[in-house]
Amino acid sequence: MSSPKFEEFLSKVTSKVKSTEAHNRIKKELTHHLQELSQSYKKRGFSEEDSDEKAIQEMGNPFIIGEKLNHLYKPKMDWILIVLFVIFASISFLPLVGGIPGISSSITNIMGRQAIWYSLAALVIIGFLFFNYQKSKNWWMHFYAIGLFIHVYLYLFGYTVNGAKKWISLPGLTVDGTLLSLFFIFLAWAGIFNKINEFRSWKKQGFLLVLFWIPILLYMIVPNFMVGVIYFFCLLGMFTFARVHKKLAINLFVSNLVAGIIFIIMIITTTSHQSYFLTRLSTFINPNADPNGAGYMYRVVRNVLAEAGWFGNGLNNDLKFQLLPESHTDFAFPFLVYSLGWTFGIGICLVLLIFILRISKNAFKTKDHYGRLIVIGGAVLFAVPTTWNILMAFGIVPIMEVSLPFISYGGSAILFYAAVLGFILNVYRRKDIVEPTIADDINI
């Protein structure tokens with residue numbers, strides 16, 4: 001228990017620290033140090049009162065200490081990520097030059113709509129930036145329930161486009177329900193992994209197994225296979241860096257591996273999905289087998305990139321109207337390469353790589369386990385669609401419906417990634433304020 005003199009000293013120190021969230025951490029650290037100093041004086045024969053007084057004197061001027069700690073515990077902003085976000089937002093308008101095939105709206109309306117989406121994205125980032133993310137660490141059940149409820153709503157009232165019943169129709173607005181559910185389920189699993197070692201019993205491990213596979217099944221039913229892939233790698237990334245006891249980690253890995261093998265066999269042998277997967281796989285392996293059918297897009301994208309050159313063919317071209325559909329969304333990258341050249345395309349890849357590496361680096365700047373899991377999961381949520389979108393342009397991975405984060409046109413995706421970025425910036429902002437929950441010397 002702190003002495004009244006210590007309390008007075010600590011009050012003077014914290015009076016200079018503007019971040020009230022850091023006060024408890026500062027008091028705890030300084031109290032421990034004061035008690036150690038006082039104890040050392042007591043061992044020399046000083047009275048308790050004199051020992052406390054000398055400990056305070058040795059600490060120095062409390063107001064000067066407070067000013068130094070105010071600078072140390074000041075909320076930080078990662079301006080590099082903000083600048084990169086603005087760069088991506090600027091690039092996203094380039095595929096819209098010349099209009100969008102199949103949309104009768106003028107270029108001004110399309111550009112204006114994109115500007116509105118990014119204005120909303122900025123508000124989303126600011127909203128999540130100033131929300132204390134630590135308050136949500138115990139809300140995982142609520143987040144997971146919201147994610148499931150969204151799928152129930154999609155099943156009952158979802159709006160179908162191109163065979164996928166994944167859209168929620170609102171007045172003047174259509175939202176991708178699968179991305180919305182992915183955001184909540186991602187937060188749910190960050191909370192679960194934060195306390196993963198509490199799930200040691202076989203019943204709880206079975207519960208985790210069910211929780212993991214339900215979203216994948218739901219994404220397959222919609223269907224939105226790419227969101228299922230992103231979800232899988234997001235959880236894999238968080239699980240890799242979660243502080244899981246070895247025995248529990250092995251049990252979870254083996255049980256999910258067995259479940260995964262059974263799941264894949266069921267998908268391949270199920271009549272409703274068999275033709276789809278076999279067609280996709282055979283087309284990816286040999287696009288020339290059906291060059292005017294399923295292999296058409298592989299051939300088109302390959303030719304588009306081959307004709308790009310180092311400096312491109314200019315934005316005012318008819319490529320999107322004649323050959324390349326979805327040049328503003330799924331194929332924004334090959335369109336930009338064709339229009340502005342490989343120099344610009346390589347530049348985009350480098351900026352995206354810097355963005356993802358920056359997020360990944362930030363994950364290890366916080367000593368809060370829950371915050372680290374959020375940032376690691378967020379990094380994967382950006383890395384998987386970015387990598388897949390670019391690689392499918394080269395024919396390295398199968399062509400699927402996946403947008404390039406912050407560059408492809410589409411309000412739902414922009415808001416989804418804005419929310420994820422907001423949480424990432426939130427964790428970075430509080431990295432020096434929150435009390436550490438990770439000790440580098442803990443053996444698990």
Side-chain angles (χ1 to χ4, degrees), residues 72-92 94 118 121-134 179 182-183 186-187 189-190 193 230 233-242 332-333 336 343-391 402-408 413-434 436 438 440:
L72 180 63
Y73 289 99
K74 185 178 181 181
K76 304 295 192 303
M77 177 67 76
D78 192 337
W79 292 107
I80 293 178
L81 288 182
I82 295 296
V83 170
L84 292 174
F85 166 74
V86 173
I87 292 174
F88 295 145
S90 303
I91 294 174
S92 73
L94 298 179
Y118 268 102
L123 294 176
V124 169
I125 291 174
I126 293 172
F128 283 114
L129 176 62
F130 292 100
F131 167 76
N132 188 348
Y133 75 90
Q134 286 194 310
L179 285 179
L182 177 61
F183 176 71
F186 148 64
L187 292 179
W189 276 101
F193 284 128
I230 296 171
F233 281 105
C234 176
L235 265 62
L236 181 62
M238 288 194 288
F239 177 76
T240 301
F241 291 96
F333 178 74
L336 289 171
T343 303
F344 188 81
I346 293 172
I348 290 177
C349 293
L350 289 175
V351 174
L352 287 166
L353 179 62
I354 292 171
F355 181 74
I356 294 169
L357 290 178
R358 179 72 180 183
I359 295 174
S360 303
K361 184 179 179 181
N362 286 352
F364 299 95
K365 289 184 177 181
T366 179
K367 293 298 181 181
D368 175 47
H369 188 227
Y370 178 61
R372 180 174 293 184
L373 290 171
I374 288 176
V375 180
I376 289 172
V380 178
L381 289 176
F382 281 107
V384 173
T386 297
T387 304
W388 197 288
N389 184 280
I390 293 174
L391 291 182
V402 54
S403 62
L404 194 59
F406 288 136
I407 293 178
S408 294
I414 291 173
L415 296 182
F416 166 76
Y417 291 117
V420 175
L421 180 59
F423 257 93
I424 291 170
L425 292 171
N426 189 322
V427 175
Y428 183 87
R429 184 174 183 268
R430 288 176 165 79
K431 66 183 178 65
D432 297 322
I433 298 174
V434 298
I438 298 175
D440 293 332

Return the [atom1] to [atom2] distance between [X] and [Y], rounded to the nearest 0.5 Å.
| X | Y | atom1 | atom2 | result |
| --- | --- | --- | --- | --- |
| L381 | C234 | CG | SG | 4.0 Å |
| L404 | I91 | CG | CD1 | 9.0 Å |
| L421 | I125 | CG | CD1 | 4.5 Å |
| L94 | I348 | CG | CD1 | 8.0 Å |
| I346 | L353 | CD1 | CG | 13.0 Å |
| I433 | T366 | CD1 | OG1 | 10.5 Å |

Is a donor on one side and an acceptor on the other found under 3.5 Å between the side chain of [X] and the backbone of [Y]?
| X | Y | value |
| --- | --- | --- |
| Y118 | F406 | yes |
| R429 | K76 | no |
| S403 | P405 | no |
| T386 | A383 | no |

Taking C-beta and beyond as the side chain, do [X] and [Y] meet within less than 4.5 Å on heavy atoms?
| X | Y | answer |
| --- | --- | --- |
| W189 | F239 | no |
| R372 | K367 | yes |
| V380 | L235 | no |
| C349 | I390 | yes |
| F186 | M238 | yes |
| V427 | D368 | no |

Taking all non-hydrogen atoms of both residues, which atom of [X] and which atom of [Y] are closest, and how far apart?
| X | Y | answer |
| --- | --- | --- |
| G371 | Y133 | CA-CE1, 3.6 Å |
| I414 | A121 | CG2-CB, 3.7 Å |
| R430 | F131 | NH1-O, 3.6 Å |
| I359 | A379 | CG2-CB, 3.7 Å |
| P385 | Y417 | CG-OH, 3.2 Å |
| F193 | H369 | O-CE1, 3.6 Å |

More than 12 heavy atoms from other groups under 6.0 Å of NZ on K361: no

Crowding at CZ, F233 (>12 non-hydrogen neighbours, <6.0 Å): no

Residues in salt bridge (Lys or Arg N to Asp or Glu O under 4.0 Å) contact with K365, at least two apart in sequence or another chain: none

is_close_aromatic(F382, F355), centroid dist under 6.0 Å: yes

Check: F241 ring centroid to F364 ring centroid under 6.0 Å: yes

Show me the donor-acceptor pairs, under 3.5 Å and distance only, between side chains in residues 78-88 and residues at least two apart or in other chains.
{"from": "D78", "atom 1": "OD1", "to": "I80", "atom 2": "N", "distance (Å)": "3.2"}
{"from": "D78", "atom 1": "OD1", "to": "L81", "atom 2": "N", "distance (Å)": "3.4"}
{"from": "D78", "atom 1": "OD1", "to": "R358", "atom 2": "NE", "distance (Å)": "3.3"}
{"from": "D78", "atom 1": "OD1", "to": "R358", "atom 2": "NH2", "distance (Å)": "3.2"}
{"from": "D78", "atom 1": "OD2", "to": "R358", "atom 2": "NE", "distance (Å)": "3.0"}
{"from": "D78", "atom 1": "OD2", "to": "N362", "atom 2": "ND2", "distance (Å)": "2.6"}

Ring pair (Phe, Tyr, Trp, His ring centres under 6.0 Å) involving F416 - partner list, sequence neighbours excluded: none

Check against side-chain contact (heavy atoms from CB on, under 4.5 Å), I374 and V420: CA-CA 9 Å; I374 288 176; V420 175; over 6 Å; no

